[in-house]
Amino acid sequence: MGKICLITGASGDIGASIAVSFAEGGYELILHYHHNEEAIKNIKDQLPRDAVLQTIQADLSSETGIESLCETLEHTVDTVVFSSGVSQLKLFQDVSDEDMDMMYNVHVKAPWKVTRHLLPTMIQKKAGNIIVISSIWGDVGASCEVLYSTVKGAQDSFIKSLAKEVGPSGISVNGIRPGIIETKMNRHLSEEEKQEIIEEIPVNRMGQVEDIAHTALFLADDRSSYIQGELINVTGAWNG
């Protein structure tokens, strides 16, 4: 059996691309999704037969959903990629307590609890990779996305501190901060708004999901093992 990668949010655009990239890299996959089962079926159709060991449906915005994911895992995980994410465009004064709880659970508590579940085996094996898809907004912040920026900042701190704690056990912990990527998350932007943003990006294009997927696979490679506790900006030098 080859190495096994758990991908949360695998039905999303970035998660799906990560699944394809890791399968091409020889990994066997466990794919988590919330409600878009059709997307998971489409991913499986793109992959070699038997590349997907397990699919898990769970709502990571709830405590029970997070616990269900952990309890349902049937295989030992070598690498976990946290790519679940929910964006929210609101003035901060308009956010509800329910919004706060949902964003906290998906972006902070789910990585906490899933990582805690996986760590004992990784520590015993003295090997493992934990990769979190964060955001440039966790670094610089975004107006009308205060909750999203806050939880992404929390992810960044989680990465930096956990890396110091488990590095001596041979476990790699790193994150990726995407800039603006061509995904459904940015479907609210008009073509004119997209073009205005592209004009601010030094490489003169929006990022593609493959840019993030290739970076994730690189961070999981043994040859990048001296990269620890880092947030890799994949932004085209755009500062937000």
Side-chain angles (χ1 to χ4, degrees), residues 3-10 12 14-15 18-19 22 27-34 53-86 101-135 138 148 150-178 212-213 215-222 224-225 227-232:
K3 290 186 176 181
I4 297 174
C5 178
L6 165 64
I7 303 169
T8 72
I14 290 176
I18 290 170
F22 272 72
Y27 278 80
E28 295 175 291
L29 306 177
I30 302 170
L31 304 180
H32 157 265
Y33 69 101
H34 179 195
L53 297 177
Q54 185 182 6
T55 61
I56 301 174
Q57 188 282 326
D59 178 5
L60 300 188
S61 69
S62 70
E63 287 274 358
T64 55
I66 299 170
E67 291 169 4
S68 174
L69 171 58
C70 294
E71 293 168 359
T72 309
L73 283 171
E74 298 173 353
H75 305 274
T76 299
V77 172
D78 300 289
T79 294
V80 57
V81 183
F82 293 104
S83 64
S84 294
V86 182
D101 290 343
M102 180 271 291
M103 295 291 281
Y104 170 73
N105 283 335
V106 170
H107 297 95
V108 181
K109 199 155 192 179
W112 276 353
K113 296 192 75 168
V114 174
T115 298
R116 186 181 64 182
H117 179 78
L118 299 176
L119 271 179
T121 301
M122 288 184 175
I123 290 171
Q124 185 179 31
K125 293 172 61 179
K126 290 195 173 297
N129 296 289
I130 299 164
I131 301 168
V132 181
I133 309 303
S134 181
S135 169
Y148 186 75
T150 301
V151 294
K152 288 301 180 179
Q155 286 184 343
D156 293 356
S157 294
F158 172 66
I159 291 160
K160 294 173 186 178
S161 53
L162 184 65
K164 294 179 179 179
E165 183 172 314
V166 301
S169 297
I171 300 165
S172 170
V173 186
N174 290 290
I176 300 169
R177 285 191 188 126
I212 307 304
T215 305
L217 186 61
F218 164 72
L219 288 173
D221 193 295
D222 290 341
S224 63
S225 61
I227 299 174
Q228 179 73 336
E230 294 296 334
L231 279 300
I232 308 298

If you compare all heavy atoms of [X] against all heavy atoms of [Y], which two are closest, and at what distance to 0.1 Å?
X: Val108; Y: Ala154; answer: CG2-CB, 3.9 Å
X: Ile133; Y: Lys152; answer: O-NZ, 2.9 Å
X: Leu60; Y: Ser84; answer: CD1-OG, 3.7 Å
X: Pro178; Y: Ser134; answer: CD-O, 3.2 Å
X: Gly15; Y: Ile7; answer: O-CG2, 4.1 Å
X: Thr72; Y: Gln54; answer: O-NE2, 2.7 Å

Using modelled atom types only, decide if a donor and an acceptor are shared between the side chain of [X] and the backbone of [Y] within a distance under 3.5 Å.
X: Ser224; Y: Asp221; value: yes
X: His32; Y: Ile56; value: no
X: Gln228; Y: Ala163; value: yes
X: Thr121; Y: Leu118; value: no

(request) Please say whether more than 12 non-hydrogen atoms of neighbouring residues, nucleotides or ligands are located less than 6.0 Å from CD in Glu63. (result)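 Enclosed: over 12 neighbouring heavy atoms sit under 6.0 Å from CD of Glu63.
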
(request) Please say whether more than 12 non-hydrogen atoms of neighbouring residues, nucleotides or ligands are located less than 6.0 Å from NZ in Lys164. (result)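 Counting other residues, nucleotides and ligands, NZ of Lys164 stays at 12 neighbours or fewer.
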
(message) Please determine whether salt bridge (Lys or Arg N to Asp or Glu O under 4.0 Å) holds for the pair Glu230 and Lys160, giving the CA-CA distance in whole Å, both sets of side-chain angles, and the decisive distance to 0.1 Å.
(response) CA-CA 7 Å; Glu230 294 296 334; Lys160 294 173 186 178; over 6 Å; no

Are the side chains of [X] and [Y] in touch, meaning some heavy atoms are under 4.5 Å apart?
X: Val173; Y: Ile131; result: no
X: Val132; Y: Val81; result: no
X: Asp156; Y: Arg177; result: yes
X: Phe22; Y: Leu217; result: yes
X: Ile4; Y: Leu53; result: yes
X: Cys5; Y: Val80; result: no
X: Met103; Y: Val86; result: yes

(request) Indicate whether any N or O donor in one side chain lies under 3.5 Å from an N or O acceptor in the other, for Ser172 and Asn174. (result)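 Yes - a donor-acceptor pair under 3.5 Å links their side chains.
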
(request) Any chance you could lay out the salt bridge (Lys or Arg N to Asp or Glu O under 4.0 Å) test for Asp101 and Lys109, step after step, and finish with the verdict? (result) CA-CA 10 Å; Asp101 290 343; Lys109 199 155 192 179; over 6 Å; no

(request) Dump the intermediate steps for side-chain contact (heavy atoms from CB on, under 4.5 Å) on Ile171 and Ile123, then the final yes or no. (result) CA-CA 7 Å; Ile171 300 165; Ile123 290 171; 3.6 Å; yes

(request) First locate atom NZ of Lys113, then atom CG of Asn105, and finally report the distance between them rounded to the nearest 0.5 Å. (result)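 Here the rounded value is 9.0 Å.
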
(message) Could you measure the distance from the CD1 atom of Ile130 to the OG1 atom of Thr79? Nearest 0.5 Å is fine.
(response)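 So the CD1 of Ile130 and the OG1 of Thr79 are separated by 9.5 Å.
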
(message) Using ring centroids (six-membered ring only for Trp), state whether His107 and Tyr148 fall under 6.0 Å.
(response)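 Yes.
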
(message) The test is side-chain contact (heavy atoms from CB on, under 4.5 Å); show your working for Val106 and Val151 and say whether it passes.
(response) CA-CA 9 Å; Val106 170; Val151 294; over 6 Å; no

(message) Before you tell me yes or no, could you show the steps for Lys3 and Glu28 under salt bridge (Lys or Arg N to Asp or Glu O under 4.0 Å), namely the whole-Å CA-CA distance, both residues' side-chain angles and the distance that decides it to 0.1 Å?
(response) CA-CA 6 Å; Lys3 290 186 176 181; Glu28 295 175 291; over 6 Å; no

